[in-house]
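Okay, structure first, notes after.
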Number of protein chains: 2
Amino acid sequence: MGLPSNDRNRLPSWRSAAYAAPVTVTLRDVARFADVHPGTASKALNEATRDRVAPATVRRVLEAAERLGYQPNTFARGLRTRRSYAVGVVLPDLTNPLFPPIVRSVEKVLAAAGYTTLIVDTDNDPATEERLMTMLRARHADGFIIATARREHPVAEAGDLVPMVLVNRLTEAALVPAVAGDEAAGIGTAVEHLVSLGHRRIGHLAGPQDLSTGFGRYRAFLDATQRLGLASADCPISFADSYSEASGLRAAREMLAAAPTAIVAGNDLIALGCLDALAEAGLKCPSDVSLVGFNDMPMLARLNPPLTTVHLPQEEIGTEAARLLLDRIARPDGPAKRLLLPCHLTVRGSTARPR
Amino acid sequence: MGLPSNDRNRLPSWRSAAYAAPVTVTLRDVARFADVHPGTASKALNEATRDRVAPATVRRVLEAAERLGYQPNTFARGLRTRRSYAVGVVLPDLTNPLFPPIVRSVEKVLAAAGYTTLIVDTDNDPATEERLMTMLRARHADGFIIATARREHPVAEAGDLVPMVLVNRLTEAALVPAVAGDEAAGIGTAVEHLVSLGHRRIGHLAGPQDLSTGFGRYRAFLDATQRLGLASADCPISFADSYSEASGLRAAREMLAAAPTAIVAGNDLIALGCLDALAEAGLKCPSDVSLVGFNDMPMLARLNPPLTTVHLPQEEIGTEAARLLLDRIARPDGPAKRLLLPCHLTVRGSTARPR
DNA sequence: GTGAAAGCGCTAACAG
DNA sequence: CTGTTAGCGCTTTCAC
């Protein structure tokens, strides 16, 4: 009596527990060991119901659980409570260096609250996204952090049905909590910086317009140039159809016909493509053309020239997203907070006075 | 009759299903709709037992499931079958660009086999790793892909108790399946390349020796230089205590006292630190000192000079790791295959003939 | 404050 | 080939 009933996987004591095959010790085992009814053991183990059990009993149960290395069975608990303590994080592309820092901080906050993070990579494919969402739903994720950012996106309609937080995208409908960098302000700062250097012909290599970031930064560029009194004829715009060096190269070739003295790129990869286009055209950066990127991905400081770019507070974005989600899970009907975190311009060597 | 018994979350049809709160349709609902017993419905739905059900019945059940949008409850199934169809992937650091491509291909293979990938980031901390492993175990992960690579690692002892595959590390004990790039060959190729350029004084900036990669590459360097007939006195070695630019810088400063004409770095980050040390010392790369990195992280081609480095087949590593694991889950007692995938040297601008 | 009992949704062994 | 039944491990009323 008092020992786990199940010993099909009893393991030698010298094994490291975490990597060994599970020895299944159940609540019944704990209860038997502590000499109480399983129901009572359950109450004692559960923070919320603990106060309905005599302190001495609680102690006995807790000790038994400790001694036996009791781990509640997630399946049984989930089946009963309909909660998984798992959160889905839906990313468009894990290899995009923008996301890992966000994921890390999300994971940290959620883990501290007892949640498991289910990371999922949609490969920028709506069908994959649908499939993965279905999977996450089947696993009864308690909430979602969604970083895929098509402007036309089913999530915009799903509204407040399931706890979720949007990252890097603010839907028009303010029903869904969201956190993002203040990209408009970031683009604004970039344009101001160029204007203050003396630029008057500033182009924009816009990102994909079906992504909310691409669209948002484009609008922000329009606003900023207008606000600063630049003629729209002096502000050529080309559209890249993806966030990639190749698309950036194509768009930049087009752009260079308009001979801007400075260019604001939709993101860093587009800026890199632009760098190639400049080299191709025999133009030097920054002496002939200044260039600003967006995102501040790693290694930019080591480029030639080091790229000036708008820095996003990735870690903070992740932290806040996780907090908002926990909030939402706790109070699904609370107001949908929407957070805009400040971006700053990291000035490096790719911007200078025009000739 | 024939409708889901549970309508607390019935959703308007215009909502996108994937993002809406779950409407719970159970096996009983499907069975009722198809007018069979739940047990029969279960058999019909399950590939493996389907042939014990009349084809016409199978069709009816399948259609009912489709019509009602039936999703089996993972908890109930897991509780019953003691399988989760989830696999834990344990990474030391998600922000290391080495891992995302591996994770992506792992995820792809596992998803195709019906498994969910649980990605977990240990932040290079053994305690965090232990905690996360416990969590994964509580969630009854069916297997593990482990990419953390301390040489002293509990996993090395846990042996074949739970299905797992090691990535980027071959334990001495050949009990655990593993897949890695052939780093020794990679280092060998790098040294050969330098020797063929005419270098005779070749240094090594070794990575942390408590990591199996750091140690393995160090040994490979020793082997290669000896094999090629270089005097060990001509092959200075400094140790970086982490894979970082800062550590690389420190180790490189030390190394430069020995005046090698070429340096093989333990990884790319160490190589970057080395680049800084060279600049500091007023040495030009590659004209004064040639430099080779390891891993081929992104952006290296855009550096000044573009870094020559050993390329790891990350995608293939991930694919093979996932396959090995599926194998292992299917036949836990099969032989532990150990795969060594070829690395190739990507020659760029940081290596040249010595003066 | 504790015990008893029901049941979450599923699968698998066994009967028919 | 189909139905019946039991039970995975847990939480949660409801009695006592």
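Only this structure's heavy atoms are used, side chains among them; waters, hydrogens and symmetry mates stay out. Residue numbers begin at 1 in each chain, while the letters A, B, ... track the order of the sequences.
Distance, A:Arg28 CZ to D:dG7 C1': 11 Å, rounded to whole Å. Nucleotide C:dC10 holds its P atom 18 Å from the CZ atom of B:Arg83, rounded to whole Å. Taking atom CZ of B:Phe75 as the reference point, atom P of D:dG9 lies 16 Å away to the nearest angstrom. Atoms CG (B:Asp29) and C1' (C:dC8) sit 14 Å apart, rounded to a whole Å. Atom-to-atom, CG of A:Leu79 to P of C:dC10 comes out at 9 Å; the value is rounded to the nearest Å. Here the P atom of nucleotide C:dC8 and the CG atom of B:Asn73 are 11 Å apart, to the nearest Å. Here D:dG9 presents its P atom at 11 Å from CZ of A:Arg32, a figure rounded to the nearest Å.
Taking the C1' atoms of five terminal pairs at each end of the helix from C:dG1-D:dC16 to C:dG16-D:dC1, the two resulting helix axes are inclined by 40°, rounded to 10°.
Remark: A:Phe75 pairs with B:His140 by the ring pair (Phe, Tyr, Trp, His ring centres under 6.0 Å) rule, at least two apart or across chains. Under the salt bridge (Lys or Arg N to Asp or Glu O under 4.0 Å) criterion, B:Glu63 pairs with B:Arg67, not counting sequence neighbours. Residues passing the salt bridge (Lys or Arg N to Asp or Glu O under 4.0 Å) test with A:Glu320 are A:Arg323, sequence neighbours excluded. B:Tyr70 is linked by a ring pair (Phe, Tyr, Trp, His ring centres under 6.0 Å) to nothing, counting only residues two or more places apart in sequence or in another chain. Partners of A:Asp142 under the side chain to side chain donor-acceptor pair (under 3.5 Å) rule, at least two apart in sequence or in another chain, are A:Ser84. By the salt bridge (Lys or Arg N to Asp or Glu O under 4.0 Å) test, A:Asp93 is found to be paired with B:Arg104, residues two or more places apart in sequence or in another chain being considered.
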**Request:** Using a 4.0 Å heavy-atom cut-off, write out nucleotides 11-16 of chain D from 5' to 3' as B (base contacted by protein), S (sugar-phosphate only) or - (no contact).
**Result:** BBB---
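Looking only at distances, a side-chain donor or acceptor of B:Ser105 sits under 3.5 Å from a matching main-chain atom of B:Pro101. Formation of a donor-acceptor pair under 3.5 Å by the A:Thr122 side chain with backbone atoms of A:Glu129 is not found in this model.
Comparing A:Thr57 and B:Gln71 by the nucleotide of DNA chain C whose heavy atom lies nearest to each, the residue mapping closer to the 5' end is A:Thr57. Mapping B:Ala54 and B:Ala76 onto DNA chain D via the closest heavy atom, the residue that lands nearer the 5' end is B:Ala54.
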Using residues 108-117 of chain B as the side-chain source, report each donor-acceptor pair under 3.5 Å to any protein atom, sequence neighbours left out, with the distance given to one decimal.
residue, atom, partner, partner atom, Å
B:Tyr115, OH, B:Arg83, NH2, 2.5
B:Thr116, OG1, A:Arg139, NE, 2.8
B:Thr116, OG1, A:Arg139, NH2, 3.1

